[in-house]
Protein chains: 2
Amino acid sequence: MAVTIRDVAQRAGVGVATVSRVLNGTGYVKAETRERVLEAAAALGYVPSQLARGLVRHLSDTVGLVIPDITNPFFPLITRGVEDAASEAGYTVFLCNTDNDPALEAHDVQKLRERRVDGIIFVGTTERRELVDRLLADGVPMVVMDRQLGHADVDTVLVDNRWGALAACRHLIELGHRRIAHAAGHQSTRTGQDRHEGYREALEEAGIAYDPAAVVWGDFTYESGYRVGQVLLGRYPRPTAIFAGNDLIALGVIRAAEEAGLSVPDDLSVVGFDDIQMSAVVRPGLTTVRQPAREMGRLAMAMLLERITGKVSGPGRRHVFQPELIVRGTTRRREPLA
Amino acid sequence: MAVTIRDVAQRAGVGVATVSRVLNGTGYVKAETRERVLEAAAALGYVPSQLARGLVRHLSDTVGLVIPDITNPFFPLITRGVEDAASEAGYTVFLCNTDNDPALEAHDVQKLRERRVDGIIFVGTTERRELVDRLLADGVPMVVMDRQLGHADVDTVLVDNRWGALAACRHLIELGHRRIAHAAGHQSTRTGQDRHEGYREALEEAGIAYDPAAVVWGDFTYESGYRVGQVLLGRYPRPTAIFAGNDLIALGVIRAAEEAGLSVPDDLSVVGFDDIQMSAVVRPGLTTVRQPAREMGRLAMAMLLERITGKVSGPGRRHVFQPELIVRGTTRRREPLA
DNA sequence: TTGTAAGCGTTATCAA
DNA sequence: TTGATAACGCTTACAA
């Protein structure tokens, strides 16, 4: 840890600038000199300091990824996509978990700024609008992922949540369901709101009255789905189908149904959102709306890079992925009551 | 991004050293002066540079976490544990995915060293012994997690894989199974080897001959489990139970069994390893060996911190967690053939 | 082609 | 209590 560019220069019998040049491939260097430098560096086990480098370059080649919880199966996919694109471009990523806590979000972002990340990919709560605005105002490149933040003028990559929910509920309606409940996600996230919106829209276009009592909010976890499922299934008349805010919730709902002695899909149809691995593994397979999470992560990082390098500037761009309805085994035709 | 400690000093009408003192809480500063500095910093929106700070302190307050794949449900838990402990201590973590590729492992570690992380938590392949040795020799604090690396003299936190496998197989044996196959993990990981060892040991102590044909290696994925399951179930005589290298593999095996028209646990008992969330969600619930992944992550970070701060020095320590057999629905008594 | 030296933004030493 | 000032390790004009 003690060997610096100076040591390398000395050992190679050249100036530090020359060492810098060969190591960075900038400027002309005689082949023979280059050899000597490389040899010296190798012999000394020289590890250049990106700290020092970053200080002068005003670039750290690092980015920050701020997500709610890596433990929620949806985020590892996004994270992997981001990481893949980042490391291909020579960047390293800082990971921060916020649990959707606005205070933690602010804290993490602050830390990242102190670390002088070149950009931030942010999956945050709706409340964080000012946070993002400030970042933007301060010229920190960033892209907001998965959730839309107000009308902030930022690069955003997400899926059409409203449309996805709409497709999911239409599917249910086509199957003959009328009493469709919604086990909703986190109410303070735009994602949760948009999916709820799609649900509502589907009912409307089918001429089904929207019943506020048929939607129960929670958060995006399995446990929440279980609790909300219990509530919903205790209602009378009982819903014949439930559209869940995401797959974890859907799985929790199914668990609650089972415990209530209900069979899915015979007594209850369930649709999720995301298409995490678990959804394809459980039996029956979960009907859901697929989100290309990994590609979304890649794209977000690619867009961030364009901002960092200045290849792109100007108003925020939006890339909206079209989700895809994946019909598996948890949905089934509702036989008309005799 | 342009405001520096100098600007703050000027605005507060003090020297930079004073600003540094109040911001870091080091040394004496008159209350009134402190106020002025704080005000100036706030007014200017000053964000101290950890790059510059790290350069002089020779500490970056960052750590690197190197894992195979965040997409494998076991690692988010570990990652979260590490992150929790890290952020509590004021550290930020760099995340690297290696896909168990030795070349990538080396590359990522190099990157982390350049970034001057204060320490590294490493989940790598057995082959990387030299890599770890070099790190140690260079005085980079580190702890190896989940997998044991040779007899390298490093802090290590893992679970007793041999014992866990032993417990799993004993369970199967107690249930009356004799033809027990092993859908093994990645052969080049110590983890995979140890679990295989426990499997073998259980058979031996029960007086069951170890049959090399009954163990098939793959990697720690669902797909691998599916493929290996097909192979194993095609054997004659067919095994009545399969011990899988981890939960994902177990789930893949179960899928293969289903497709072969076999019922789990009636025709085949299956036990996994890890106890990821999915294992509790699927029906029937997967019998498995629980690993306290999140706590392991926390502990690893805590141990790393002790090295970084110099609170602990000397030979590598090992913390071996005792795994716990969780019996759920995929294992069942083997009725003696009539 | 290559070397010298001036920063980059902080901390820490030494006086005052 | 506080202020200069010398590092920290590297990049980049500017000269040579």
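Chain letters run A, B, ... following the sequence lines, proteins first and then strands; every chain starts at 1.
- Partners of B:E39 by salt bridge (Lys or Arg N to Asp or Glu O under 4.0 Å), not counting sequence neighbours: none found.
- Rounded to whole Å, atom C1' of D:dC8 lies 15 Å from atom CD of B:Q50.
- Across the protein-nucleic acid pair, B:R116 atom CZ and D:dC8 atom C1' stand 11 Å apart, rounded to whole Å.
- Summarising the geometry, the separation between CG on B:L55 and C1' on D:dA7 is reported as 9 Å, rounded to the nearest angstrom.
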>> Walk along nucleotides 11-16 of chain D from 5' to 3' and tag each nucleotide B, S or - by protein heavy-atom contact under 4.0 Å, base first, then sugar-phosphate.
In response: BBB---

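- Scanning residues 33-44 of chain A for heavy-atom distances under 4.0 Å to DNA chain D yields an empty list.
- A straight line from CG of A:L59 to P of C:dG9 spans 13 Å, rounded to a whole angstrom.
- Partners of A:S20 under the side chain to side chain donor-acceptor pair (under 3.5 Å) rule, at least two apart in sequence or in another chain, are A:N24.
- Here A:R307 pairs with A:D155 under the salt bridge (Lys or Arg N to Asp or Glu O under 4.0 Å) rule; sequence neighbours left out.
- Taking atom CG on B:D61 and atom P on C:dT11, their separation rounds to 11 Å, with Å as the unit.
- For B:Q10, there are no side chain to side chain donor-acceptor pair (under 3.5 Å) partners two or more places apart in sequence or in a different chain.
- Side chain of A:S49, nearest nucleotide from C:dT1, D:dG9, C:dT10: D:dG9.
- Legend: residues meeting salt bridge (Lys or Arg N to Asp or Glu O under 4.0 Å) with B:D69, ordered by chain and number and at least two apart, are A:R80.
- Applying the side chain to side chain donor-acceptor pair (under 3.5 Å) criterion to A:R115, with sequence neighbours excluded, gives B:T92.
- Regarding B:H58, its NE2 atom lies at a distance of 10 Å from the P atom of C:dA12, rounded to whole Å.
- Partners of A:P292 under the side chain to side chain contact (heavy atoms under 4.5 Å, CB included) rule, at least two apart in sequence or in another chain, are A:V159, A:E295, A:M296, A:F321.
- Between the two ends of the helix from C:dT1-D:dA16 to C:dA16-D:dT1, each summarised by a five-pair axis, the helix axis turns through 40° (rounded to 10 degrees).
- To the nearest 0.5 Å, atom CZ of residue A:F220 and atom OG1 of residue A:T189 are 4.0 Å apart.
- Of all heavy-atom pairs spanning A:L51 and B:L55, the tightest one is CD2-N, 4.1 Å.
- In this view, A:D101 satisfies the salt bridge (Lys or Arg N to Asp or Glu O under 4.0 Å) rule with no residue, not counting sequence neighbours.
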Pairs under 3.5 angstrom only: tabulate donor-acceptor contacts from the side chains of residues 30-37 of chain B to other protein residues two or more places apart or in another chain.
unit_1 : atom_1 : unit_2 : atom_2 : d
B:R36  : NE     : B:A12  : O      : 3.0
B:R36  : NH2    : B:A12  : O      : 3.2

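- Rounded to a whole Å, the CD atom of A:E32 is 8 Å from the P atom of C:dT2.
- Between A:R6 atom CZ and C:dG3 atom C1' there is a gap of 12 Å when expressed in whole angstrom units.
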